[in-house]
Structure formats: structure tokens, C-alpha cells
Chemist: 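One structure is given below, represented as C-alpha cells, and several questions about it will come after.
Owing to the predicted nature of the structure, the values given are computational and were not obtained by experimental measurement. Chain A is the first sequence line, chain B the second, and so forth, proteins listed ahead of strands; every chain is numbered from 1.
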Number of protein chains: 2
Amino acid sequence: MRTLDGGTMSEHVKRATISDVAQHAGVSKAAVSKVLRGAYGVSGTMKARVEASMATLGYRPSALARGMRGSSFTLGVFVVDLHNTFMSVLIEGIRTEAELNGYQVFIGEASRGLAQQRQMIEAMVDRKMDGIVLIAPFGTADDLEEIARGTPTVVLGRHGPSHSYDTVASDDIAGSALIVDHLVSLGHRRIAHLMQVGREKNESGMPQVVRAKGYVDAMVRNGLEQEIDVLEGRWSQEGGRSAAGLMVQRKNPPTAVHAGADMAALGVLAGFHEAGVRVPEDFSVVGYDNVFAASLPQVGLTSVDQSGIEMGALAAKLLVERIQGRQEAVSTVVAPRLVVRRTTAPPPGV
Amino acid sequence: MRTLDGGTMSEHVKRATISDVAQHAGVSKAAVSKVLRGAYGVSGTMKARVEASMATLGYRPSALARGMRGSSFTLGVFVVDLHNTFMSVLIEGIRTEAELNGYQVFIGEASRGLAQQRQMIEAMVDRKMDGIVLIAPFGTADDLEEIARGTPTVVLGRHGPSHSYDTVASDDIAGSALIVDHLVSLGHRRIAHLMQVGREKNESGMPQVVRAKGYVDAMVRNGLEQEIDVLEGRWSQEGGRSAAGLMVQRKNPPTAVHAGADMAALGVLAGFHEAGVRVPEDFSVVGYDNVFAASLPQVGLTSVDQSGIEMGALAAKLLVERIQGRQEAVSTVVAPRLVVRRTTAPPPGV
DNA sequence: TGGATTGTGTAGATCGGTCTACGTTTTCCA
DNA sequence: TGGAAAACGTAGACCGATCTACACAATCCA
């Protein structure tokens, strides 16, 4: 028999609070709180009685109230764009490790630029999340430092160094080297690179900057500085498609492209498909990220795999350490791996 | 000059609270709160003074504390699997509409079955989220009713009817009909259907159940009840691949398949690719969801588009209405659309 | 055996907001 | 011009936990 206090049929049922439990068990709120936290100073008898009361009342502590004083046991993951399937791989790694440590993970997305990103991160801080992982965020390193001064932070996908936050990134220098060396070993010399230039300014440490540097370094190391050819565009399917158009129209077109990201590479492939350029017979294409679509047999895109699950797990591990008090910044890189499929072959005439 | 109370260099800076603002502006806490909420009873002068103080102190209200009494301005989106790219489309729709109404959206994922799903949803409730959207959740309708009795809820991707929550779903009956009619019009008669059977039990209202029913209905309507052929498996790439193997080995194999979901269809295509079955010359394949990979020119998968953005937006709109007090349950379906690409053609010999 | 130590439990301040109840001005209008 | 109504502001309870300080009982030990 329930009181119809609002006059409506389906009033939401009131949750039991810590006071309800205390009253039901005949003890003080403080005692219940101790049981809840497994704190010192509880007899076995009392523990049993309180736990029985919690069970019969269906008690669940309010995470909000807990967060007011103590910690919220919540980690925030900030993502720029969930459409990129690589994100879900990173998130899987983060979640697995976080849940091992008793943290709940909530994901926040902000796809419309720096202002929205800032708002989302502030929303996480406002909710007193114990720590946050930022995946490939925009903004300057200073912006990130400021965020990290207020809340334990790990940045995933941007390279260090940093003062107040940790970084986990794929070794993009090495990844670019893998790509260039692979193409050179197939006989390519005119190898182009597509560099991401988006709405937001490129900052040092961003993957597009490091991959471009890795490309240039590797070209020089292979004695191909004369052939360095960097196209600027967006790492989206559309960006890749228009880059394909540009490359084809060159007087002396390249024979291969390091597209910088799989989404761009897929766009390049689409552009070539429309233009009648055969891959890999006429042109070799390499992506980066090894997203799901790259692995489809119809696509077979040669790509660089970043072992996203491990990166995610590492980020979560570092974040937990930082929450537990570590102060020194840690910057890690994980080794990438070239996955050779069907979009790379010797250049025409070789 | 900051006190080094912990002995460590980088103690996190204390945030300004409502009391700090009140003191700085020389008014009461209640006054600041009124300004914050835009409540009645504030003079222009006071409003200006308080807002100035908030700005100089860099004040941001604690969402946690607000949530303790009032609402948290937070919506939770529960997702079973973020790897499915259709989810990010739905989420985009939800976010757009939610942000229009001043809500922050946080996403929670639980990929490991019913128990983890329950924990995630409880975590959202524990954080006093004002409402939640459940995308294709497991569990019985009763489970969902119980959740919805505690928190305003909209279920996305499962069909009604329901008492205490709203539903938004694609019209899967119509979608299956589009597929079957399309294949029949091309001349196919032996059309198979791949039905999802996963770890969790299939409940009425789940898309796999409705799509199967739509398939059967459409087959009957076309006078093909003799040809009804339902294979059970998982709607994953692997499930599709093994279904491809099964179909090929039939004594009298089908000439087309309604794979139920794009992920499964991609698996079927991969299986056929390996087995040397040509698509669409030997076999027609239709997916469902119109995910990104289906649109790649190399793939060109015929599929059913569910206009995810609109569904997401509608779900958010219903949720906001429900938070604002609507009590009657609303069940909506949105019309799907067939996208014909290159994996469907007349059967061999026609 | 009596003071110190250890174990067990409680009271109540606290976190940072919201919101009701009420006091004080100011404005309105018969 | 005087009383009602409207406008403005404040005090303080409240939300549901955590956590410090302390009271009381039991145990220890010289």
C-alpha cells in the first residue's frame, strides 16, 4: 500500500537512504557509512546486521552524495568523434582496466570544436569525476596543463612532454618509418603524404604533426628528400577523396601515398575507384589506425596497427596511479605494427 | 603565495564555491543561487554584481551539489556495444537534441551481458541522471519497466508496447518487407534470413524478432511460404561468415539472403569471397542498418537505412518530455528506407 | 588494581548547492 | 494617504553521504 502523494499513478519510488538503513538496523548513520566503506571500527555482529538491512531495503548509496565529500569512483573519457571506430577500441581498453580498479567509466563526446570540448571537460569536472582521459583533444599543451592542474588527467593520442598530465601515444615516428620503408622496399620513390589540417590549429604533439615529421625523417634517411611531397587536407573520407584528385592531376604524380589515417585512405581509395586508377597496380595506398573497414576483404587496406586495447588499458592504469597520488608526469609510447594487405605493391613498371 | 599544505608542489587548486561568490559580491548564498537559476526575485543591480563576482572568481557550480536537491541536467545513454558504428549515429542525434534542451549527455557502455548492463544502468541512476536512453538493451520487458519506474526512460531499438517507458524503433516489419520485395522483384524465390541468437535470450520487441517476423510475413505475402528459410546465428562478422558456409553447403542453396544486420552481411560477403562465390552474380546479399562500411565503393552493400540521427533526436525529445512530467507511454516507429547498391541483382539464370 | 590501550559506536560538522518561509522595501491604487 | 500587492533579499533547513572528534566499554599489563 503506497501513498499517492502527488496524485499521479506512477510516482517514482523513493530510494532508501543511509538514514533509512541506520534506522532499520537500529544503529547510527556513521556505523552504516563505515560498513559501506569497509572502514575500521565495526564488529562482525554490526556488520552483519547492517548488511541485512541494506539487502532488505534494497539500499544503494547515492554516488552523488558520496562524491560531495569523498571520491566519485567515476572516470570520464573525452572523445572528439565517436564515429571513428578506433575510439571504441581505445575505450574498450580503458573500461577493462578501470573496472578492475572499481571505477565506472562515462564517455563524453564533443564533435563541434574547441569551445564544445571545453564545455564537455568542464562538465566532467563539475561532476567531480576522479580523473579524465582525453582522447586526441584539440587545444594547446597549455590548455591541457590547466585542465590537469584541476583534475588527474591522461592524454591519449598526443605526444608529451608534459608537466601535470600523463600521455600515451603510438610511436608515430616509428609508424611513419614503417610505412615509408615498406613502400621503398617495394621500389617506390615518389611517396606522398597527406597531412591533417582541420578546423583547429595543429599543435606540436598532435599525431598529424608527428606522423608528418616521421614521414620526412624516413624519406631523408632513404635518400629521398627530393621526393618529399606533403599534401594538406582533412583526415576524413572527403579529404582523402579530394587528395586523390589532386595527386592524379600532378604532372609527375606520386606512385604511393601515406594517407596518415585510415579514414583518409578509404577516401583516397574511393577517389581512385571513381577515377579508374587501379590499386595497387597503378598506385599504392597505406592508411594508419587499422580500423575495422580496413580489414574487410573487399578493402584490404595496408595500415599501421596501434594496438588500441593496450593503449587504452595503459592510459587507465596511469590515470589510476595519478589519482592515487603520483605527481611526476609520465609519457609513454607504444610500438606500432605494420599490417600489409592488398593496397600496396611495387610501382608500375617495376 | 599558496600554502603547501600537503608538502607536494602541485596540489590541486580549490574551486570557488557559491559561498565564495556570495562573500565576494557581499550578498547571501540564496541570492547567488537565484541568479544561477534565473529564479524570481533578483534586481538587475544584484544580478550584475553577482555575475561580475562569478566571472572574476572563475566560478562554476558543482553539478554534484546541484543534483543533490534539484536536477542534475544530465542524461545517460546506455549502449551495449560501441563498436557498432550505428550507435555513434544514434548518439549524435541524441546529443544534438539534448544539448538544445540544456542537458549534458554521458555514454555508458556494457558489453558483457545482462549483469554488467544492470550495473551500468544502476550507476547512472546512482548518479541521479535525470533520464536515460537505453539503446538495444538486453533483458525482459519487465526488467525495463522496473528501471523506468525509478527514472524517466526511453528505449531505443526495441518495439513497444510498454507502460512506464517510451520506445523509438525503426519499423522492422516494413524494413524486412522492403528487402524481400526488392529481392522478389529481381526474380529471387529462395531467400534466406539470418536471425540473431546471442548470449542473451531473445525477447519480443527485440529487432531480431521483429525483423524475422517481417521476413516471414513478406515471404507469405509473396506466396513463398514454402521457401522460408531462417538460419540462426550471431549478427557479427563471424556469425555472417559461418552462415555463408552453411548456405553454400545446402543441397538446394538460396540465391539471396536477408542478413538481418550489416555486420552479419559483411561477414557473409567475406565468407563468399573466400569460398569464391560471386556477389551479386551468384548470390545477392542485403544488410540492415546502413553502416559506414556498407557505403564504401569496394563494398557497395544494399542495406536498409534507419535514419539514426532522427531516431536519436526523437528519443531525446521524448525523454525530455517525460522528465517534464508526461506519464503516458509513447511508442513510435520511424520508416526505414532501402538503399540499393551493388550486392543485389537478379539470380543466376534469369 | 588502576591507568593505558584497544575496540566499538555515536554525534554532528561538512561538502555545495536548492528552496521554503519570512522580513523589509517599494510601488500601486482606491 | 493608508493598506494591499509586488519586488527584493536573507536565514537556515535540507539533500545523502563522509569523516573527525569523542564517549564508553573491554582488555592489557605493570
Side-chain angles (χ1 to χ4, degrees), chain A residues 12-51 53-54 57-74 104 122-123 125-130 150, chain B residues 5 12-51 53-54 57-74 122-123 125-130 150:
Chain A
H12 289 167
V13 193
K14 200 157 85 268
R15 283 166 67 113
T17 72
I18 200 172
S19 304
D20 299 331
V21 175
Q23 191 169 6
H24 185 271
V27 296
S28 70
K29 273 171 46 184
V32 179
S33 176
K34 278 188 183 178
V35 172
L36 217 53
R37 292 169 294 148
Y40 174 84
V42 216
S43 66
T45 332
M46 154 164 284
K47 182 161 186 280
R49 215 172 54 222
V50 168
E51 280 172 348
S53 295
M54 299 203 302
L57 295 179
Y59 170 73
R60 288 189 57 85
S62 154
L64 242 58
R66 299 188 86 166
M68 290 281 300
R69 297 217 59 172
S71 39
S72 63
F73 305 105
T74 310
Q104 280 288 339
E122 276 173 349
V125 175
D126 293 345
R127 281 158 186 79
K128 213 158 176 282
M129 298 203 172
D130 293 338
Chain B
D5 47 1
H12 289 167
V13 193
K14 200 158 86 266
R15 283 166 66 114
T17 72
I18 201 172
S19 304
D20 297 333
V21 175
Q23 191 169 5
H24 185 271
V27 297
S28 70
K29 270 171 48 184
V32 179
S33 176
K34 278 188 182 178
V35 172
L36 218 52
R37 292 170 293 147
Y40 173 85
V42 215
S43 65
T45 331
M46 153 163 285
K47 182 158 185 282
R49 214 170 57 222
V50 168
E51 280 172 347
S53 295
M54 299 204 302
L57 295 180
Y59 170 73
R60 288 189 57 84
S62 154
L64 242 59
R66 300 187 86 166
M68 290 281 301
R69 296 215 62 170
S71 38
S72 64
F73 305 105
T74 310
E122 276 173 347
V125 176
D126 294 345
R127 281 159 186 78
K128 212 158 177 281
M129 296 202 171
D130 293 338

Chemist: Could you state the atom-to-atom distance from CZ of A:R37 to P of D:dG16 in whole Å?
Modeler: 18 Å

Chemist: The test is side chain to side chain donor-acceptor pair (under 3.5 Å); show your working for B:T74 and B:R127 and say whether it passes.
Modeler: CA-CA 9 Å; B:T74 310; B:R127 281 159 186 78; over 6 Å; no

Chemist: Using a cut-off of 6.0 Å, state whether more than 12 heavy atoms not belonging to B:E51 lie near its atom CD.
Modeler: yes

Chemist: Between A:K128 (NZ) and D:dG16 (P), how many Å, whole number?
Modeler: 18 Å

Chemist: Would the base of D:dC14 count as contacting B:R69 through its side chain, where contact means a donor and an acceptor less than 3.5 Å apart?
Modeler: yes

Chemist: For the pair B:K34 and B:V50, evaluate side-chain contact (heavy atoms from CB on, under 4.5 Å) and give the outcome as yes or no after the intermediate values.
Modeler: CA-CA 10 Å; B:K34 278 188 182 178; B:V50 168; over 6 Å; no

Chemist: Which nucleotide in the list C:dG17, D:dG16, D:dC19 gets nearest to the side chain of B:A65?
Modeler: C:dG17

Chemist: Which letter, B, S or -, goes with each nucleotide of nucleotides 21-27 of chain C from 5' to 3', with contact meaning a protein heavy atom under 4.0 Å?
Modeler: -------

Chemist: Whole angstrom is fine here: how far is it from CE in A:M68 over to P in D:dC19?
Modeler: 13 Å

Chemist: Could you check whether any side-chain heavy atom of A:R15 comes within less than 4.5 Å of a side-chain heavy atom of B:K128, counting everything from C-beta outward?
Modeler: no

Chemist: Taking only side-chain N and O atoms of B:S33, does any of them lie within less than 4.0 angstrom of OP1 or OP2 on C:dT18?
Modeler: yes

Chemist: Would you kindly check whether a donor in the side chain of B:R66 faces an acceptor in the base of C:dT18, or vice versa, at under 3.5 angstrom?
Modeler: no

Chemist: Are A:S28 and C:dT10 close enough that a side-chain N or O sits under 4.0 Å from OP1 or OP2?
Modeler: yes

Chemist: A:S43 side chain N/O closer than 4.0 Å to the phosphate oxygens (OP1, OP2) of C:dG9?
Modeler: yes

Chemist: Going by heavy atoms in the side chains, are B:L64 and B:M68 under 4.5 Å from each other?
Modeler: no

Chemist: To the nearest Å, how far apart are B:Q23 CD and D:dT10 P?
Modeler: 14 Å

Chemist: Looking at C:dT18, C:dT10, D:dA17, which one has an atom nearest to any side-chain atom of A:A31?
Modeler: C:dT10

Chemist: Assuming nearest nucleotide by heavy-atom distance, tell me which of A:S62 and B:G44 is located more 5' along DNA chain D.
Modeler: B:G44

Chemist: Take the protein atom CG of B:L64 and the nucleotide atom C1' of C:dT14, then report the distance between them rounded to whole Å.
Modeler: 15 Å

Chemist: Less than 4.0 angstrom between a side-chain N/O of B:Y40 and OP1 or OP2 of D:dA7, yes or no?
Modeler: yes

Chemist: Of all the choices, C:dG17, D:dA17, D:dA11, which nucleotide is nearest to the side chain of A:T17 once you look at every atom?
Modeler: D:dA17

Chemist: Between D:dA11, D:dA17, C:dT18, spot the one nearest the side chain of A:K29, thanks.
Modeler: D:dA17

Chemist: Taking side chain as C-beta onward, heavy atoms only, is A:R66 less than 4.5 Å from B:D126?
Modeler: no

Chemist: Taking the side chain as C-beta and beyond, is there a heavy-atom pair between A:D20 and A:T17 under 4.5 Å?
Modeler: yes

Chemist: With a non-hydrogen cut-off below 4.0 angstrom, is B:V32 in contact with a base, only sugar-phosphate, or nothing?
Modeler: nothing

